[in-house]
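Heads up: the structure comes next, in structure tokens.
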There are 4 protein chains.
Amino acid sequence: MSKEKGLKGKESKARIKAAAACEFAKHGFHQTKISNIVKRASLTQPAFYLYFSSKDAIFNELVHEFRTKLWKLIETQRLSPLMEKDELIKQMTASIEKLFEFFAEDPNLTRIGLVLAPDSEIFKEKLIRLLADNLHFEQRSGTFRLELSMEIVAVCIFGMIEQLIFQCLLKNKSNPKKLAEEVVKLVMSGMMEFGSA
Amino acid sequence: MSKEKGLKGKESKARIKAAAACEFAKHGFHQTKISNIVKRASLTQPAFYLYFSSKDAIFNELVHEFRTKLWKLIETQRLSPLMEKDELIKQMTASIEKLFEFFAEDPNLTRIGLVLAPDSEIFKEKLIRLLADNLHFEQRSGTFRLELSMEIVAVCIFGMIEQLIFQCLLKNKSNPKKLAEEVVKLVMSGMMEFGSA
Amino acid sequence: MSKEKGLKGKESKARIKAAAACEFAKHGFHQTKISNIVKRASLTQPAFYLYFSSKDAIFNELVHEFRTKLWKLIETQRLSPLMEKDELIKQMTASIEKLFEFFAEDPNLTRIGLVLAPDSEIFKEKLIRLLADNLHFEQRSGTFRLELSMEIVAVCIFGMIEQLIFQCLLKNKSNPKKLAEEVVKLVMSGMMEFGSA
Amino acid sequence: MSKEKGLKGKESKARIKAAAACEFAKHGFHQTKISNIVKRASLTQPAFYLYFSSKDAIFNELVHEFRTKLWKLIETQRLSPLMEKDELIKQMTASIEKLFEFFAEDPNLTRIGLVLAPDSEIFKEKLIRLLADNLHFEQRSGTFRLELSMEIVAVCIFGMIEQLIFQCLLKNKSNPKKLAEEVVKLVMSGMMEFGSA
DNA sequence: AATGAATGAGGCTTCATTCAT
DNA sequence: CATGAATGAAGCCTCATTCAT
């Protein structure tokens with residue numbers, strides 16, 4: 001009976017959040033105006049401040065939401081150790097596919113969290129470090145070539161994924177599965193034709 | 001005495017440009033204030049408008065300058081066709097090294113042209129298309145594996161390079177030569193240890 | 001409580017409009033500052049932009065308002081055709097008196113619409129053309145002397161009225177009725193004493 | 001030998017003055033920019049201040065020049081007293097023609113002196129008072145009908161002339177002689193057809 | 001006699017945010 | 001829960017004017 005209260009409020013807040021995500025993604029932080037957010041949410045400006053303390057606040061909330069979800073996803077996707085090669089490739093492909101699916105699910109949040117947030121470079125750095133650690137582990141297990149720097153490889157893999165997100169996935173030029181397969185093919189075996197040397 | 005004709009003006013314009021590049025790179029377009037640009041250039045606000053017609057104008061000039069230079073560099077770096085494998089790798093490495101050197105030369109412009117410009121995604125798309133065409137050519141010559149989509153590979157390579165620029169090169173964690181070598185190693189031969197089959 | 005819906009806003013807008021008319025009339029368009037308009041209306045600058053999109057906008061609105069009202073007045077004041085001489089003079093006098101009354105009612109708008117508006121000369125031209133057409137009609141009916149160019153007479157009559165507005169009416173040196181009578185006397189019968197020739 | 005000096009300077013000053021008159025007449029005082037004046041005069045901004053102390057100064061100089069010339073012209077055009085009717089009309093026509101010729105000679109100055117100058121209304125008032133005095137004199141001589149207020153008639157005549165200047169003369173729709181004749185016809189004998197009761 | 005370079009002052013406009021209801 | 005009305009703060013840009021040469 002008391003829990004019921006606030007239902008309309010929650011809807012309004014959600015509408016504002018969705019509207020904001022859309023506007024931020026389309027125009028960036030500074031060119032997004034509160035007035036446009038509330039217009040899109042069919043509300044008025046003071047209503048905005050009923051649910052968010054400031055423009056920064058809602059932006060940060062969106063960023064935080066995105067990052068939390070992404071981080072959780074990644075933690076559930078850790079590779080099982082000491083697999084066979086085929087199995088490894090299959091798992092990697094599945095993991096990356098899941099990642100792409102996540103990014104495709106909410107393009108607005110993806111852009112906000114990966115591009116627009118002022119500290120996105122630092123966030124990416126963290127993700128990359130996480131990836132590098134995992135790769136290191138595999139490398140020490142003999143899965144990956146020793147002559148490669150896993151730090152740099154991690155940066156590369158992340159760069160590929162990010163670029164594929166914005167140039168292919170969010171432009172609907174391809175789908176998560178296909179992209180994941182291609183990345184893995186490239187990264188695992190390289191571009192060169194066999195028989196060389 | 002006679003040589004200085006218009007020299008002071010050119011110096012002022014250059015100082016403004018450098019100051020602007022610095023401010024834009026550090027704070028982004030909207031948070032960069034003309035007042036700060038001219039302060040950094042040791043001038044007053046109206047002086048700015050002696051040399052540039054608006055904030056947009058100088059920003060676009062910087063973007064245009066960056067892109068023109070980059071495009072020229074790339075055009076001089078086309079791979080010679082039909083090389084042997086070793087030679088190919090050497091050339092690719094050299095080309096990519098040159099690229100990294102270019103980006104490292106003016107980090108401010110690099111950030112402005114690749115990240116901050118509102119149409120940078122479209123610009124990247126063009127670069128990627130150019131790269132994809134070149135790769136296609138090589139693929140048809142039998143250099144690259146047929147099962148890979150050169151469109152996607154092009155996106156991947158560009159993504160790697162971009163990420164390496166911002167995560168390694170501009171943070172001085174590595175140098176152009178090293179980065180170029182690592183990218184080529186990874187992209188040409190993949191990560192997998194041999195003998196796995 | 002329920003009647004006041006939007007009332008305060010309308011009052012503010014009206015206050016701004018009146019203040020603007022006053023300032024424009026006193027100082028002209030360019031020397032009128034938004035800051036002074038709002039000061040006179042007991043508001044702050046941003047409030048101005050709640051009701052008008054720019055300085056130009058409010059000026060044009062005032063001009064448009066004046067012209068619309070004036071045009072409507074003139075259309076209701078058309079002379080009935082084919083009257084006797086005495087009746088004609090009475091009607092003309094009444095019409096012109098109404099005109100003067102209109103101009104005296106809002107001196108600010110009058111100055112804005114007739115003098116300050118950048119296209120006021122063109123507007124006057126239109127009014128004069130309208131007047132000329134009417135005079136032509138009367139001339140063909142035999143009321144006015146054929147040797148006079150009604151185009152030029154129309155210009156003259158308009159010139160008299162305008163000058164009387166600014167030199168007599170708005171300086172309170174005379175009143176609409178008196179002025180109308182004098183104009184008609186002069187224009188109908190001329191200055192010359194009878195019996196001449 | 002010493003008088004010769006300054007010839008080039010005088011030319012420059014004259015060029016600036018002409019340019020200023022043109023710009024002021026076309027755009028009004030506030031929208032006229034020094035930068036445009038000197039551009040039109042093929043000079044640079046500091047050169048302007050070699051000859052005029054400020055924007056106001058040159059404007060006032062132009063206004064003063066116009067008014068001085070006009071005043072002189074009017075003083076030489078006083079009607080000879082106690083003429084016969086035909087002679088009076090001839091003289092009036094000639095006088096007014098001369099006036100129109102004066103205004104047509106320098107349209108820019110005319111607009112500046114009669115419309116643009118902020119105190120032009122007061123200046124016109126003076127002219128009108130002068131005219132009214134003359135008319136009074138004639139009226140007392142029995143030339144003009146006693147029932148007319150010469151003050152108001154003076155305003156009317158001035159209004160006609162001014163309107164004819166801007167609506168006919170400066171638009172090249174008529175010439176000084178024709179306009180003078182029409183004004184005199186109208187003002188002397190009125191519009192009404194004879195024989196009317 | 002003239003110019004390239006620079007500036008002080010000030011106006012218009014925008015926007016996040018708040019008050020009173 | 002929501003709104004109409006209002007504001008403080010700040011940025012871009014323009015222009016008359018001057019300095020040094």
Side-chain angles (χ1 to χ4, degrees), chain A residues 5-13 30-38 42-57, chain B residues 1 4-13 30-38 42-57, chain C residues 1 4-13 30-38 42-57, chain D residues 5-13 30-38 42-57:
Chain A
K5 178 214 129 196
L7 198 150
K8 202 176 170 200
K10 264 177 195 163
E11 271 174 14
S12 292
K13 179 166 182 175
H30 286 97
Q31 278 187 297
T32 291
K33 296 182 274 184
I34 303 282
S35 61
N36 286 335
I37 293 177
V38 294
S42 306
L43 282 167
T44 56
Q45 303 214 28
F48 176 91
Y49 292 90
L50 246 42
Y51 302 106
F52 303 94
S53 62
S54 69
K55 189 180 166 185
D56 280 272
Chain B
M1 206 192 234
E4 315 182 15
K5 191 63 176 175
L7 195 139
K8 205 175 168 206
K10 264 176 197 162
E11 271 172 11
S12 292
K13 181 168 181 175
H30 286 96
Q31 276 188 301
T32 291
K33 293 177 270 181
I34 304 278
S35 61
N36 286 335
I37 294 177
V38 295
S42 306
L43 283 168
T44 57
Q45 291 221 37
F48 177 90
Y49 294 91
L50 284 177
Y51 303 105
F52 302 95
S53 61
S54 68
K55 191 177 157 184
D56 279 87
Chain C
M1 204 193 236
E4 313 182 16
K5 190 63 176 177
L7 196 139
K8 205 174 168 206
K10 265 176 196 164
E11 271 172 11
S12 292
K13 179 168 183 174
H30 286 96
Q31 276 187 301
T32 292
K33 293 176 269 181
I34 304 276
S35 61
N36 287 334
I37 294 177
V38 295
S42 306
L43 283 168
T44 56
Q45 292 220 36
F48 176 90
Y49 293 91
L50 283 177
Y51 303 106
F52 303 95
S53 61
S54 68
K55 191 177 157 184
D56 280 87
Chain D
K5 176 215 129 194
L7 198 149
K8 201 175 171 201
K10 263 177 196 164
E11 270 174 15
S12 290
K13 179 167 182 175
H30 286 97
Q31 278 188 297
T32 291
K33 295 181 276 183
I34 303 282
S35 62
N36 286 336
I37 293 177
V38 295
S42 306
L43 282 167
T44 56
Q45 302 214 28
F48 176 91
Y49 291 91
L50 246 41
Y51 302 105
F52 302 95
S53 61
S54 69
K55 189 180 166 186
D56 280 271

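Quick caveat, the model's predicted, so the values are computed rather than measured. Just so we're on the same page: letters track the sequence lines, and every chain starts at 1.
- Between A:Y49 and D:G9, the residue anchored closer to the 5' end of DNA chain E is D:G9, taking for each the nucleotide with the nearest heavy atom.
- Checking E:dT13, F:dT3, F:dA6 against every side-chain atom of A:L43, the shortest atom distance belongs to F:dT3.
- As a whole-Å value, the separation of A:I34 CD1 from E:dT14 C1' is 13 Å.
- Each of B:A47 and D:P46 lies near DNA chain E, and the nucleotide nearest D:P46 is the one positioned closer to the 5' end.
- Closest approach of A:K55 to A:T32, counting heavy atoms only: NZ-O, 2.9 Å.
- The nearest pair of heavy atoms linking D:Y51 to D:S12 is OH-CB, 3.7 Å.
- Across all strands, C:T32 comes closer than 4.0 Å only to sugar-phosphate atoms, never to a base (heavy-atom distances).
- With values rounded to the nearest 0.5 angstrom, D:F48 atom CZ is found 8.0 Å from D:S53 atom OG.
- Distances were taken from every side-chain heavy atom of A:K8 (C-beta onward) to each of F:dA5, F:dA2, E:dA16; the shortest belongs to F:dA2.
- Straight-line distance from the NZ atom of B:K13 to the P atom of E:dA6: 13 Å, rounded to whole Å.
- A straight line from CD of B:Q45 to C1' of E:dG10 spans 12 Å, rounded to a whole angstrom.
- Across the protein-nucleic acid pair, A:I37 atom CD1 and E:dT17 atom C1' stand 13 Å apart, rounded to whole Å.
- In terms of phosphate contacts, A:K33 brings a side-chain nitrogen or oxygen within less than 4.0 Å of OP1 or OP2 of E:dC15.
- Atom CG in B:N36 sits roughly 9 Å away from atom P in F:dC12 (whole-Å rounding).
- Atom CD in D:Q31 sits about 16 Å away from atom C1' in F:dA16, given to the nearest Å.
- Taking atom CZ on A:F48 and atom C1' on F:dA5, their separation rounds to 19 Å, with Å as the unit.
- Considering OG1 of D:T44 and CG of D:L50, their distance stands at 9.0 Å, rounded to 0.5 Å.
- Put simply, B:Y51 has a side-chain N or O that comes within less than 4.0 Å of OP1 or OP2 on E:dA6.
- When both distances must be under 3.5 Å, the Watson-Crick or G-U wobble mate of E:dA20 is F:dT3.
- For A:K55 and E:dA16, the shortest distance from a side-chain N or O to OP1 or OP2 is below 4.0 Å.
- Taking every heavy atom of both residues into account, D:V38 and D:S35 meet most closely at CG2-O, 3.2 Å.
- The distance from atom CG of C:L50 to atom P of E:dT18 is 17 Å, rounded to the nearest whole Å.
- At least one side-chain nitrogen or oxygen of A:S12 sits closer than 4.0 Å to the OP1 or OP2 atom of F:dA2.
- Of the nucleotides present, none pairs with E:dA1 by Watson-Crick or G-U wobble criteria with both distances under 3.5 Å.
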